[in-house]
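Working notes for the structure below.
Values below: every heavy atom of this structure, side chains too, minus hydrogens, waters and symmetry copies.
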Amino acid sequence: MKIGVPKEIKTHEYRVGLTPGAVREYVAAGHSVLIETNAGAGIGATDDKYRKAGATILDSAHEIFASSEMIIKVKEPQSSEWAQLRENQILFTYLHLAPDPEQAKGLLKSGCTAIAYETVTDAHGGLPLLAPMSEVAGRLAIEAAGSALKRYAGGRGLLIGGVPGVQPARIVVIGGGVVGTHAARMAAGLGAEVTILDRSIPRLRELDELFEGRVRTRFSTIDTVEEEVFAADVVVGAVLVRGASAPKLVSRRMLSSMRKGSVIVDVAIDQGGCFETSRPTTHADPTYEVDGVIHYCVANMPGAVPLTSSQALNNATLPFGLALANQGFATVLENPHLRASLNVYRGRLTYRAVAESLGLPFSPIEQAAA
């Protein structure tokens, strides 16, 4: 199969769909890999490195899309990209379609087969291709919060870990999944006072054991969310509803009772965000203020550390990408984990949560592929 990797064009996105090491694996399996020139510049991978790995370098994204049977990316295709997709072409990347009707319409119109990293499952019910970026984003959330808390950035002028004799920052993490766990780990490691909210009692027990009492755990209700958010210096939104839009857990009304100069970091922004006042931002302009509360809502947080992120992502995607390259669409029907990740097929939405979030018709894969 011909595998194409265009250069990412989202603002300040430096990751790459395939690292040179991953290219070697595809070439060794008998596939052709086409890389857009300078696609790996953000991770220090030159065109020569890709050539040594066995790739062919092409001059433009247009050539990549026109020549490839499968496109491997990192971020969701932008409008200029989905316009170049075509029927029978496989797109394998993060999509986050639930809050993005324009992208959904573009993919449907193209007739392509779109498989979303974030909905690929594993035998344990996990999301193995979302997990590595969630780990990175969770850790970066605390770094971002620390920067936004500084007075010159509009924050309270607070050091996350405090110093002896001075109270540290109070950090509340809403959601005890992968993002929340790694955010709490970073925050606790810096010496913050950390609370995790979640609606799963078993998960709260696991977190209590994991952190050995260094992090407080509370069952998430309307009352506890309000109580914790109002007293927090930093609130990290780490809520995930698989494939669907994130629930809005903090309303605009609640901001007036939050501390002035406190910080919201909405890691769920790819799925629409879990704060009513959230809107996507970029690394070029990451924060904005609403009612005295600083919002950090960068939609591609791991793109800030592309070398770490690209390597971690490629480690996770490689087995699935090779399966698609080896067997084509047939492997989607045969592999339950890839089957679960199919979002768009020949002009139809095949992922129920996405269809419901967008208010568009849902077609089971059995119906779509008939």
Side-chain angles (χ1 to χ4, degrees), residues 5-17 36-45 60-61 73-83 93-97 99-103 106 117-118 132-157 160 179 182-183 186 234-238 246 255 261-313:
V5 180
K7 184 175 182 178
E8 297 293 325
I9 59 174
K10 191 164 185 172
T11 303
H12 286 281
E13 179 52 70
Y14 302 107
R15 289 172 289 181
V16 64
E36 183 181 353
T37 185
N38 294 320
I43 64 168
S60 68
K73 282 177 43 61
V74 178
K75 290 304 294 178
E76 72 280 357
Q78 306 300 293
S79 58
S80 63
E81 295 176 312
W82 71 59
T93 188
Y94 287 115
L95 293 176
H96 300 291
L97 288 177
D100 193 349
E102 293 306 311
Q103 183 200 169
Y117 291 163
E118 71 271 15
M133 296 303 93
S134 295
E135 292 166 350
V136 172
R139 297 181 180 218
L140 285 176
I142 304 305
E143 292 187 12
S147 295
L149 276 174
K150 293 181 171 63
R151 193 70 189 93
Y152 64 74
R156 297 192 67 212
I160 282 182
V179 170
H182 283 263
M186 283 288 287
V234 174
V235 182
V236 177
L255 295 191
S262 60
V263 174
I264 281 174
V265 180
D266 198 342
V267 187
I269 193 64
D270 272 334
Q271 294 296 126
C274 56
F275 304 100
E276 186 181 355
T277 47
S278 291
R279 57 176 172 78
T281 60
T282 68
H283 291 293
D285 189 15
T287 64
Y288 60 93
E289 177 266 327
V290 179
D291 294 345
V293 177
I294 307 302
H295 291 54
Y296 180 98
C297 304
V298 173
N300 60 328
M301 290 175 64
V305 286
L307 185 55
T308 297
S309 298
S310 295
Q311 290 176 346
L313 181 60

Between [X] (side chain) and [Y] (backbone), is there a donor-acceptor pair under 3.5 Å?
X: Glu13; Y: Arg15; answer: yes
X: Ser310; Y: Val16; answer: yes
X: Asp100; Y: Gln103; answer: yes
X: Glu289; Y: Gly292; answer: yes

For Glu8, all residues meeting salt bridge (Lys or Arg N to Asp or Glu O under 4.0 Å), sequence neighbours excluded: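 For Glu8 the salt bridge (Lys or Arg N to Asp or Glu O under 4.0 Å) partners, ignoring immediate neighbours, are Lys73.
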
By salt bridge (Lys or Arg N to Asp or Glu O under 4.0 Å) - contacts of Lys10 (at least two apart):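 Per chain and number, Lys10 pairs via salt bridge (Lys or Arg N to Asp or Glu O under 4.0 Å) with Glu76.
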
Nearest atoms (heavy-atom pairs only) where [X] meets [Y]:
X: Ile142; Y: Ala183; value: CG1-O, 3.2 Å
X: Val234; Y: Ala145; value: CG1-CB, 3.7 Å
X: Thr281; Y: Pro286; value: OG1-O, 2.8 Å
X: Ala299; Y: Pro280; value: CB-CB, 4.4 Å
X: Ile294; Y: Ala153; value: CD1-O, 4.2 Å
X: Gly303; Y: Tyr14; value: O-CD1, 3.5 Å

[atom2] on [Y] to [atom1] on [X], rounded to 0.5 Å:
X: His182; Y: Ser134; atom1: NE2; atom2: OG; answer: 8.5 Å
X: Ile264; Y: Thr287; atom1: CD1; atom2: OG1; answer: 12.5 Å
X: Leu97; Y: Glu102; atom1: CG; atom2: CD; answer: 12.0 Å
X: Ile9; Y: Glu36; atom1: CD1; atom2: CD; answer: 8.5 Å

Validation row: [X], [Y] side chains within 4.5 angstrom (heavy atoms):
X: Tyr288; Y: Cys297; result: yes
X: Tyr94; Y: Leu313; result: yes
X: Leu140; Y: Val265; result: no
X: Val136; Y: Met301; result: no
X: Pro77; Y: Thr93; result: yes
X: His12; Y: Val298; result: no
X: Val293; Y: Thr277; result: no
X: Val267; Y: Cys274; result: no

Partners meeting side chain to side chain donor-acceptor pair (under 3.5 Å) with Asp291 (sequence neighbours left out):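 Only Arg252 meet the side chain to side chain donor-acceptor pair (under 3.5 Å) criterion with Asp291.
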
Test applied, side chain to side chain contact (heavy atoms under 4.5 Å, CB included); reference residue, Pro302; option that passes from Lys75, Arg139, Met133, Glu135: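 With Pro302 as partner, side chain to side chain contact (heavy atoms under 4.5 Å, CB included) holds for just one option, Met133.
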
Lys/Arg-Asp/Glu bridge criterion (N-O < 4.0 Å) met for Arg279, Asp266: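 Salt bridge: no.
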
From CA spacing to verdict: side chain to side chain contact (heavy atoms under 4.5 Å, CB included), Val74, Asn300: CA-CA 10 Å; Val74 178; Asn300 60 328; over 6 Å; no

